[in-house]
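Structure first, then comments.
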Amino acid sequence: MSGEPSFTLDDQPVPFQDGQTIMEAARVAGVYIPHLCFNPDFAPHGSCRVCLVKVNGRPQAACTTPAVAGQVVQSEIEELQEIRRGILEMMFVEGNHICPACEKSGACQLQAVAYYVGMLAPRFTYFYPQRTLDASHPDAVIDFNRCILCELCVRASRDIDGKNVFAVQNRGLKAHLVINTPSGKLGATTFSITDKAAQVCPTGAILIKNRGYETPIGRRLYDRQPVNVVGDVAQVPESEGGRRHE
Ligand code: FES
């Protein structure tokens, strides 16, 4: 091996470059760490905590923790998978994620990560929040029931599309996604399905109209291979089953 600095991730050496996080270095090395709010096209957000790893024995978010030479990082251990299951269970009960009735099923990163860590049903009581669905845009639907507040659409619209279509209002339990118009309707914005923001949602919160079931359930992205093999839904080209199969 060259003189590159490295850390160990589950006992395997992972080289890194100065300034990289543990997540970025692991990605380059082809090692999967479960995540939802992380996307390599954006600065780390550190909000979902699904990427929790142990760094020298202490829990840290892999997407925001800088790689340091000699670190001992653990990820694929039962203790962490159990914490990840708990985080995912809270996401599932906090919204209305009815997978069998969702058009994104099989191409949903939330569902795929839940399967990966072995979460099949939440142990907690469902909140069943009353949330709306916005079908005012000619080409897209927003189902607020499925938003996990990863802010990927917020970041994509603001930082890449230059439109600032989305925002998160309030904090804590009252936090929710809003559309930046006086009416609060997507149809009143310049949002387009060619925007980056239309491609980054890891759940079925942003759906493209007139494409439902183009790919039958059972033949979708994560029906074919698990998320640790396929990667993020937003990173997979259309030709390989990503993006369009909302
Ligand atoms: Fe690291 Fe969400 S992926 S906190």
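Atoms within a ligand are numbered from 1 in the order they appear, just like the ligands themselves.
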A student checking ligand 1 against Arg49 at a 4.0 Å heavy-atom cut-off should list atoms 2 (Fe), 4 (S)

Closer than 4.0 Å to some heavy atom of Phe38 - which atoms of ligand 1 meet that? 3 (S)

Is Arg155 salt-bridged to Asp41, going by a charged N under 4.0 Å from an acidic O? no

Closer than 4.0 Å to some heavy atom of His35 - which atoms of ligand 1 meet that? 3 (S)

Would you check if atom 2 (Fe) of ligand 1 lies under 2.8 Å from any N, O or S atom of Cys150? no

Using a strict cut-off of 4.0 Å, indicate which atoms of ligand 1 neighbour a heavy atom of Cys51. 1 (Fe), 3 (S), 4 (S)

Run the salt-bridge test on Glu89 and Arg84 with the 4.0 Å N-O cut-off and return the result as yes or no. no

In short, Cys37 meets Gly46 closest at the heavy-atom pair SG-N, 3.7 Å

Check ion pair Arg220-Asp223 (N to O, under 4.0 angstrom): no

Side chain, backbone, both or neither: which part of Ser47 comes within less than 4.0 Å of ligand 1 when only heavy atoms are counted? backbone

Just to verify, which of Val55, Val68, Thr64, Val31 counts as forming a side chain to side chain contact (heavy atoms under 4.5 Å, CB included) with Ile22? Val55

Applying side chain to side chain contact (heavy atoms under 4.5 Å, CB included) to Asp134 and Val141, what does each step give before you reach the verdict? CA-CA 6 Å; Asp134 177 354; Val141 179; over 6 Å; no

Side chain, backbone, both or neither: which part of Thr64 comes within less than 4.0 Å of ligand 1 when only heavy atoms are counted? neither

Considering the heavy atoms of Cys48, write down every atom of ligand 1 situated less than 4.0 Å from one of them. 2 (Fe), 3 (S), 4 (S)

Show which atoms of ligand 1 fall inside a sub-4.0 Å distance from at least one heavy-atom site of Leu36. 3 (S)

Arg27 side chain to Thr21 side chain, donor-acceptor N/O pair below 3.5 angstrom: no

Within Cys63, is some N, O or S atom less than 2.8 Å away from atom 1 (Fe) of ligand 1? yes

